[in-house]
Amino acid sequence: MRWAKLAAIVSLWTFFSCFLVLVHLWISVLRLPNRWVIISRLTRSLTFLLSAILNIRVTVVGDGWPTGGRRSRHISNHLGYIDGFVLGSIFPVVFVSKREVKKWPVIGLWITLCGTIFVNRQKKDQVALLVAEMSRKLKEGASILLFPEGHATNGERMLPFQTAPLAAPLRNRSIIVPVTLVYKSVDDKVVSKANRDLIYCYDEMDFLPHFWKLLSLRRIEAVVTVRPKIECFRYEDNSAGRKRLARDCYSRVLGKDIHFDVSDFASSS
C-alpha cells in the first residue's frame with residue numbers, strides 16, 4: 001500500500017509541476033492580472049487529490065463556510081504539514097510556510113510553484129519583506145493561509161499568535177476567517193498520545209521518516225470548524241491594533257466569542 005500511494009503521489013507531482021509551469025507561462029504571455037487567484041484554485045485541486053490518495057476524510061462545519069471571499073486571510077492552529085493538505089483541499093489559498101520547507105523533497109517544489117510565501121525565522125529584519133509580499137498577493141485578489149503560532153505543536157495547547165504577519169491583512173482591511181483543525185481518528189482509532197505522532201509533525205521530527213509512516217495509514221479523519229469571520233477595519237493599523245487582532249484571532253480559533261468595544265471601532269473608522 002505504501003508503494004502504491006508513493007507512486008500515485010510522484011505521478012501527481014510530476015504532472016502537476018509540469019502543468020503549473022505551463023500555466024505560469026500562459027499567465028505571463030497573456031499578462032493576466034489574477035495569477036495567484038488562478039494558481040490557488042489549481043492548488044486546491046492538487047491538495048484535494050493528494051488528500052484522496054492519503055485517504056484523509058475531512059468534515060467541514062461552522063457558520064463561516066465557505067471562504068470569506070477573495071483577499072481573505074485564513075488562520076488555523078497548527079499540528080504538522082498534513083494541515084496544509086487538509087485546509088488546502090478546502091480553501092483556494094496561497095500558503096505561508098517556514099523557509100526550510102522549500103528544501104523538502106517533492107513538497108518543496110510543489111509549494112514554490114504554488115506561490116508559497118516563505119518565512120525566515122532566523123532573520124527578524126525580513127519581517128517587512130514578508131508583510132510586503134503578503135500585502136501584494138492580497139491586493140492581487142489571492143487568499144492566504146497562515147498558521148500564526150509559527151510552529152506546529154502536539155495539540156496539547158495552542159501557542160500565542162504572532163502579531164507581525166497580521167500587519168498585511170490589517171493594512172489591506174481584509175477579512176480573516178479563523179478555522180479550528182482537529183484530527184479525530186487514525187485507522188479508526190481515536191487520536192491520542194499513543195498514536196498522534198503518526199499524523200502530527202512538530203518540534204524536530206524529520207519529514208521523510210514521518211511521511212513514510214504516513215503512507216502506511218489506511219484512513220485519517222479530520223474536522224475543520226470554520227469560525228465567524230473577523231473584519232480588519234475594526235482594528236487600528238498599529239502595534240496595539242495588531243496585538244488586539246492577534247488576541248481576538250486566538251480566541252476565535254479556540255472557539256471563544258469576542259466582543260468589540262464601540263470606542264475601539266470609532267477610533268479605527
Side-chain angles (χ1 to χ4, degrees), residues 6 8-51 53-54 56 70-76 78 80-123 126-148 150-152 162 164-165 168 201 205-208 210-212 214-215:
L6 183 61
I9 290 172
V10 170
S11 298
L12 181 63
W13 172 82
T14 303
F15 170 79
F16 191 81
S17 297
C18 295
F19 182 65
L20 262 190
V21 169
L22 293 175
V23 171
H24 275 292
L25 290 173
W26 173 67
I27 292 172
S28 297
V29 170
L30 296 182
R31 297 182 179 180
L32 298 179
N34 299 321
R35 176 185 299 271
W36 300 116
V37 175
I38 297 170
I39 295 299
S40 63
R41 290 174 179 171
L42 293 175
T43 302
R44 182 185 180 186
S45 300
L46 164 71
T47 49
F48 177 82
L49 292 173
L50 186 58
S51 295
I53 292 171
L54 295 173
I56 302 175
R70 289 174 57 179
R71 294 182 59 182
S72 61
R73 171 70 69 85
H74 299 72
I75 62 170
S76 173
H78 193 24
Y81 62 87
I82 304 178
D83 302 349
F85 302 160
V86 173
L87 298 176
S89 69
I90 301 170
F91 306 113
V93 293
V94 170
F95 296 96
V96 178
S97 178
K98 61 183 180 180
R99 185 186 60 173
E100 292 80 0
V101 178
K102 193 174 183 179
K103 299 179 181 179
W104 286 6
V106 181
I107 289 181
L109 178 59
W110 264 348
I111 63 177
T112 300
L113 289 171
C114 294
T116 298
I117 302 168
F118 293 103
V119 181
N120 189 339
R121 294 172 180 166
Q122 280 69 44
K123 295 184 178 180
Q126 293 190 3
V127 170
L129 295 176
L130 168 67
V131 173
E133 186 174 359
M134 287 184 182
S135 296
R136 180 174 60 83
K137 287 184 175 176
L138 285 169
K139 287 179 181 178
E140 291 175 359
S143 294
I144 294 175
L145 173 63
L146 174 70
F147 300 109
H151 299 273
Q162 298 176 354
C201 188
M205 296 172 68
D206 292 330
F207 167 71
L208 284 177
H210 187 275
F211 188 70
W212 184 244
L214 179 70
L215 292 175

Distance-only, no hydrogens or angles: does the K137 side chain make a donor-acceptor pair with backbone N or O of I117 under 3.5 Å? no

Rounded to the nearest 0.5 Å, the CG atom of L30 sits from the CG atom of L25 at a distance of 11.0 Å

Is there a side chain to side chain contact (heavy atoms under 4.5 Å, CB included) between H24 and R35? Walk through the geometry before answering. CA-CA 8 Å; H24 275 292; R35 176 185 299 271; 2.9 Å; yes

Output, in order, the C-alpha distance, side-chain angles, deciding distance and verdict of side chain to side chain contact (heavy atoms under 4.5 Å, CB included) for S97 and K102. CA-CA 8 Å; S97 178; K102 193 174 183 179; over 6 Å; no

Apply side chain to side chain contact (heavy atoms under 4.5 Å, CB included) to the pair L215 and I9, showing each step before the final yes or no. CA-CA 10 Å; L215 292 175; I9 290 172; 3.8 Å; yes

F16 and L42, any side-chain heavy atoms less than 4.5 Å apart: yes

Residue W212 excluded, over 12 heavy atoms near CH2 under 6.0 Å: yes

H74 and S143 have their tightest heavy-atom pair at CE1-CB, 3.9 Å

Do other residues, nucleotides or ligands put more than 12 heavy atoms under 6.0 Å from F118 CZ? yes

Could you grab the distance from atom CD1 of I27 to atom CG of L22, nearest 0.5 Å is fine? 11.0 Å

Shortest non-hydrogen contact from I39 to L113? CG2-O, 3.9 Å

Can you give me the closest heavy-atom contact between A168 and M134, atom names plus distance? CB-CB, 3.5 Å

Can you list, pair by pair, the side-chain donor-acceptor contacts under 3.5 Å of residues 85-94, counting residues two or more places apart and other chains?
unit_1	atom_1	unit_2	atom_2	d
S89	OG	F85	O	3.4
S89	OG	V86	O	2.6

Between CD on residue E133 and CD1 on residue I144, distance to nearest 0.5 Å: 8.5 Å

Nearest heavy-atom pair of I82 and L214: which atoms, and what distance? CD1-CD1, 3.5 Å

Rounding to 0.5 Å, atoms NE2 (H78) and CG (L146) come to a distance of 9.5 Å

I'd like to check K98 versus F147 (side-chain heavy atoms, cut-off strictly below 4.5 Å). Are they in contact? no

Side chain of S17, backbone of T14: donor and acceptor closer than 3.5 Å? no

Take E100 and F207 through the test side chain to side chain contact (heavy atoms under 4.5 Å, CB included) and record every step on the way to the result. CA-CA 11 Å; E100 292 80 0; F207 167 71; over 6 Å; no

Fit a plane to each ring of Y81 and F211, take the angle between them on a 0 to 90° scale, and name the class: parallel (under 30°), tilted (30 to 60°) or perpendicular (over 60°). tilted

Heavy-atom closest contact (I53 atom, A8 atom, distance): CD1-CB, 3.9 Å

Can you measure from CG (L12) to CG (L50) and round to the nearest 0.5 angstrom? 6.5 Å

